[in-house]
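To keep things clear, I will list the structure first and then write my remarks on it.
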Amino acid sequence: MTEPAPPWVRSVRDVGAPPDPSTYADAVVFDPAIHGEMIRSWARRRELPELRLDLLPPTGRIVPDLAVGFMYRTDTPIAFIESFVANPDADAAERDAAIDRVVHALFDDLRAAGCELIWGWTARDVIVARARKHGFRVSEQPYTFVARAL
(Lines give C-alpha, C1' and ligand atoms only; values in the text may rest on other atoms or scores of the structure.)
Protein backbone atom coordinates (compact mmCIF):
# COMPACT_ATOMS: atom_id res chain seq x y z
CA MET A 1 0.00 0.00 0.00
CA THR A 2 1.46 3.37 -0.98
CA GLU A 3 1.30 6.21 1.43
CA PRO A 4 -0.68 9.28 0.43
CA ALA A 5 1.24 12.36 -0.66
CA PRO A 6 1.65 15.15 1.89
CA PRO A 7 -1.39 17.46 1.99
CA TRP A 8 0.48 20.30 0.28
CA VAL A 9 1.20 18.17 -2.81
CA ARG A 10 -1.27 18.46 -5.64
CA SER A 11 -1.70 15.82 -8.31
CA VAL A 12 -1.88 16.90 -11.95
CA ARG A 13 -5.35 15.33 -11.83
CA ASP A 14 -6.40 17.75 -9.05
CA VAL A 15 -5.87 20.98 -10.99
CA GLY A 16 -8.99 20.82 -13.11
CA ALA A 17 -9.44 20.87 -16.84
CA PRO A 18 -6.60 22.45 -18.79
CA PRO A 19 -7.33 25.41 -21.05
CA ASP A 20 -7.89 24.90 -24.77
CA PRO A 21 -4.53 23.78 -26.24
CA SER A 22 -4.91 26.27 -29.09
CA THR A 23 -4.36 29.04 -26.52
CA TYR A 24 -0.79 27.86 -25.94
CA ALA A 25 0.10 26.32 -29.29
CA ASP A 26 3.02 28.76 -29.64
CA ALA A 27 4.77 27.05 -26.68
CA VAL A 28 6.80 24.72 -28.90
CA VAL A 29 9.16 21.93 -27.90
CA PHE A 30 12.54 23.35 -26.88
CA ASP A 31 15.33 22.45 -29.29
CA PRO A 32 18.83 23.36 -28.02
CA ALA A 33 20.16 23.67 -31.57
CA ILE A 34 17.52 26.26 -32.43
CA HIS A 35 16.82 27.97 -29.09
CA GLY A 36 19.93 27.31 -27.02
CA GLU A 37 21.87 30.51 -27.59
CA MET A 38 18.68 32.58 -27.23
CA ILE A 39 17.99 31.33 -23.70
CA ARG A 40 21.67 31.47 -22.72
CA SER A 41 21.69 35.15 -23.66
CA TRP A 42 18.57 35.73 -21.55
CA ALA A 43 20.27 34.10 -18.56
CA ARG A 44 23.42 36.19 -19.04
CA ARG A 45 21.44 39.44 -19.24
CA ARG A 46 19.62 38.44 -16.05
CA GLU A 47 22.99 37.75 -14.41
CA LEU A 48 22.03 34.15 -13.71
CA PRO A 49 24.62 31.40 -13.45
CA GLU A 50 25.75 30.06 -16.80
CA LEU A 51 23.01 28.00 -18.37
CA ARG A 52 24.56 24.73 -19.54
CA LEU A 53 22.39 23.26 -22.25
CA ASP A 54 23.68 19.75 -21.57
CA LEU A 55 22.17 19.95 -18.07
CA LEU A 56 18.67 20.81 -19.28
CA PRO A 57 16.10 18.02 -19.48
CA PRO A 58 14.44 16.98 -22.74
CA THR A 59 11.02 18.09 -21.49
CA GLY A 60 11.15 21.79 -22.31
CA ARG A 61 8.80 24.25 -23.94
CA ILE A 62 9.55 27.69 -25.31
CA VAL A 63 7.58 30.62 -26.64
CA PRO A 64 10.36 31.90 -28.93
CA ASP A 65 11.65 35.35 -28.07
CA LEU A 66 9.69 35.40 -24.79
CA ALA A 67 10.05 32.56 -22.26
CA VAL A 68 11.19 28.97 -21.69
CA GLY A 69 10.63 26.39 -18.96
CA PHE A 70 11.49 22.79 -18.21
CA MET A 71 10.24 19.81 -16.27
CA TYR A 72 12.69 17.30 -14.88
CA ARG A 73 11.11 13.86 -15.01
CA THR A 74 12.11 11.14 -12.61
CA ASP A 75 11.80 7.36 -12.73
CA THR A 76 8.61 7.79 -10.71
CA PRO A 77 5.38 9.61 -11.65
CA ILE A 78 6.87 12.81 -10.16
CA ALA A 79 8.37 15.72 -12.09
CA PHE A 80 10.15 18.88 -10.96
CA ILE A 81 9.36 22.25 -12.49
CA GLU A 82 12.54 24.26 -12.94
CA SER A 83 14.78 26.37 -15.18
CA PHE A 84 12.32 28.99 -16.32
CA VAL A 85 13.91 32.01 -17.99
CA ALA A 86 12.24 34.92 -19.76
CA ASN A 87 13.61 37.45 -22.21
CA PRO A 88 14.47 40.53 -20.12
CA ASP A 89 14.03 42.77 -23.17
CA ALA A 90 10.46 41.67 -23.90
CA ASP A 91 7.37 43.47 -22.65
CA ALA A 92 6.61 42.35 -19.08
CA ALA A 93 2.97 41.48 -19.80
CA GLU A 94 3.96 39.45 -22.88
CA ARG A 95 6.62 37.59 -20.83
CA ASP A 96 4.11 36.85 -18.10
CA ALA A 97 1.53 35.47 -20.52
CA ALA A 98 4.22 33.44 -22.32
CA ILE A 99 5.34 31.80 -19.07
CA ASP A 100 1.73 30.76 -18.41
CA ARG A 101 1.53 29.21 -21.89
CA VAL A 102 4.78 27.34 -21.31
CA VAL A 103 3.42 25.97 -18.02
CA HIS A 104 0.21 24.73 -19.67
CA ALA A 105 2.14 23.03 -22.50
CA LEU A 106 4.46 21.33 -19.99
CA PHE A 107 1.47 20.11 -17.98
CA ASP A 108 0.13 18.47 -21.16
CA ASP A 109 3.51 16.84 -21.82
CA LEU A 110 3.65 15.46 -18.30
CA ARG A 111 0.08 14.17 -18.31
CA ALA A 112 0.84 12.36 -21.58
CA ALA A 113 3.97 10.86 -19.97
CA GLY A 114 1.98 9.51 -17.02
CA CYS A 115 3.26 11.97 -14.42
CA GLU A 116 1.02 12.48 -11.42
CA LEU A 117 2.83 15.01 -9.22
CA ILE A 118 4.77 18.17 -9.93
CA TRP A 119 7.13 19.63 -7.36
CA GLY A 120 9.19 22.78 -7.32
CA TRP A 121 10.97 25.14 -4.99
CA THR A 122 11.73 28.81 -4.97
CA ALA A 123 12.75 31.70 -2.76
CA ARG A 124 10.92 34.26 -4.93
CA ASP A 125 7.44 35.45 -3.99
CA VAL A 126 6.52 36.07 -7.64
CA ILE A 127 7.15 32.38 -8.40
CA VAL A 128 5.04 31.33 -5.40
CA ALA A 129 2.20 33.52 -6.70
CA ARG A 130 2.47 32.00 -10.18
CA ALA A 131 2.51 28.48 -8.71
CA ARG A 132 -0.68 29.20 -6.78
CA LYS A 133 -2.24 30.64 -9.95
CA HIS A 134 -1.55 27.31 -11.68
CA GLY A 135 -3.07 25.20 -8.91
CA PHE A 136 0.03 24.31 -6.91
CA ARG A 137 -0.35 23.96 -3.18
CA VAL A 138 2.37 25.81 -1.32
CA SER A 139 4.14 24.61 1.80
CA GLU A 140 5.26 27.49 3.97
CA GLN A 141 7.95 25.34 5.56
CA PRO A 142 11.48 26.62 4.90
CA TYR A 143 13.79 24.33 2.97
CA THR A 144 17.44 24.47 2.09
CA PHE A 145 18.43 23.39 -1.40
CA VAL A 146 21.51 21.22 -1.46
CA ALA A 147 23.57 20.12 -4.47
CA ARG A 148 27.03 18.81 -5.26
CA ALA A 149 29.03 17.97 -8.32
CA LEU A 150 30.04 14.36 -8.87
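- Test Asp109, Thr76, Leu110 against Cys115 for side-chain contact (heavy atoms from CB on, under 4.5 Å) and you get one pass: Leu110.
- When all heavy atoms of Val29 and His35 are compared, the pair lying nearest together is O-CE1, 3.7 Å.
- Between the side chains of Asp100 and Tyr24, no donor N or O sits under 3.5 Å from an acceptor N or O.
- Salt-bridge annotation for Glu37 and Arg44: present, with a side-chain N of the basic residue lying under 4.0 Å from a carboxylate O of the acidic one.
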Going through the checks in order, is the side-chain contact (heavy atoms from CB on, under 4.5 Å) test met by Ile62 and Met38? CA-CA 11 Å; Ile62 186 168; Met38 178 190 311; 4.1 Å; yes
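- Between Thr122 and Val128 the shortest side-chain heavy-atom distance falls below 4.5 Å.
- Pairing each heavy atom of Leu106 with each of Thr59, the nearest pair is CD2-O, 3.8 Å.
- Every residue two or more places apart in sequence or in another chain was checked for a salt bridge (charged side-chain N to carboxylate O under 4.0 Å, His left out) with Arg46, and none qualifies.
- At a threshold of 4.5 Å between non-hydrogen side-chain atoms, the residues Val68 and Arg61 do not count as touching.
- Using a 4.5 Å heavy-atom cutoff, the side chains of Leu66 and Asn87 are not in contact.
- Between Phe136 and Ile81 the shortest side-chain heavy-atom distance falls below 4.5 Å.
- Ring centers of Phe80 and Trp121: under 6.0 Å apart, within the cut-off.
- Residues Arg40 and Leu53 are in side-chain contact: their nearest non-hydrogen atoms beyond the backbone lie under 4.5 Å apart.
- Residues Val28 and Pro64 have side chains in contact (heavy-atom distance under 4.5 Å, counting atoms from C-beta outward).
- Checked against ring-ring contact (aromatic ring centres under 6.0 Å, His included), Phe70 has the following partners two or more places apart in sequence or in another chain: Phe30.
- Of the possible donor and acceptor atoms, none in the side chain of Arg101 sits under 3.5 Å from a partner among the backbone N and O of Ala27.
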Starting from the C-alpha separation in whole Å, work towards a yes-or-no answer on side-chain contact (heavy atoms from CB on, under 4.5 Å) for Val102 and Val63. CA-CA 7 Å; Val102 165; Val63 176; 3.9 Å; yes
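- A pairwise comparison of heavy atoms in Arg95 and Pro88 identifies NH1-O, 3.3 Å as the closest pair.
- To the nearest 0.5 Å, atom CG of residue Asp125 and atom CZ of residue Arg130 are 13.5 Å apart.
- Looking only at side-chain heavy atoms (C-beta outward), Trp42 and Leu51 stay at 4.5 Å or farther from each other.
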Please evaluate residues Ile118 and Met71 with respect to the criterion side-chain contact (heavy atoms from CB on, under 4.5 Å), reporting the C-alpha separation (whole Å), side-chain torsions for both, the decisive distance (0.1 Å), and the verdict.
CA-CA 9 Å; Ile118 305 166; Met71 293 285 188; 4.1 Å; yes
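- The two residues Ala43 and Pro49 come nearest to each other via the heavy atoms CB-O, 4.5 Å.
- Evaluation of the salt bridge (charged side-chain N to carboxylate O under 4.0 Å, His left out) rule for Asp31 yields no partner, not counting sequence neighbours.
- In terms of heavy-atom proximity, Phe107 sits nearest to His134 at CE1-O, 4.0 Å.
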Practice item. Evaluate the side-chain contact (heavy atoms from CB on, under 4.5 Å) criterion for residues Ile127 and Phe84: first the C-alpha distance (whole Å), next the side-chain angles of each, then the deciding distance (0.1 Å), finally the verdict. Key: CA-CA 10 Å; Ile127 305 287; Phe84 278 67; over 6 Å; no
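- Using a 4.5 Å heavy-atom cutoff, the side chains of Arg132 and Arg137 are not in contact.
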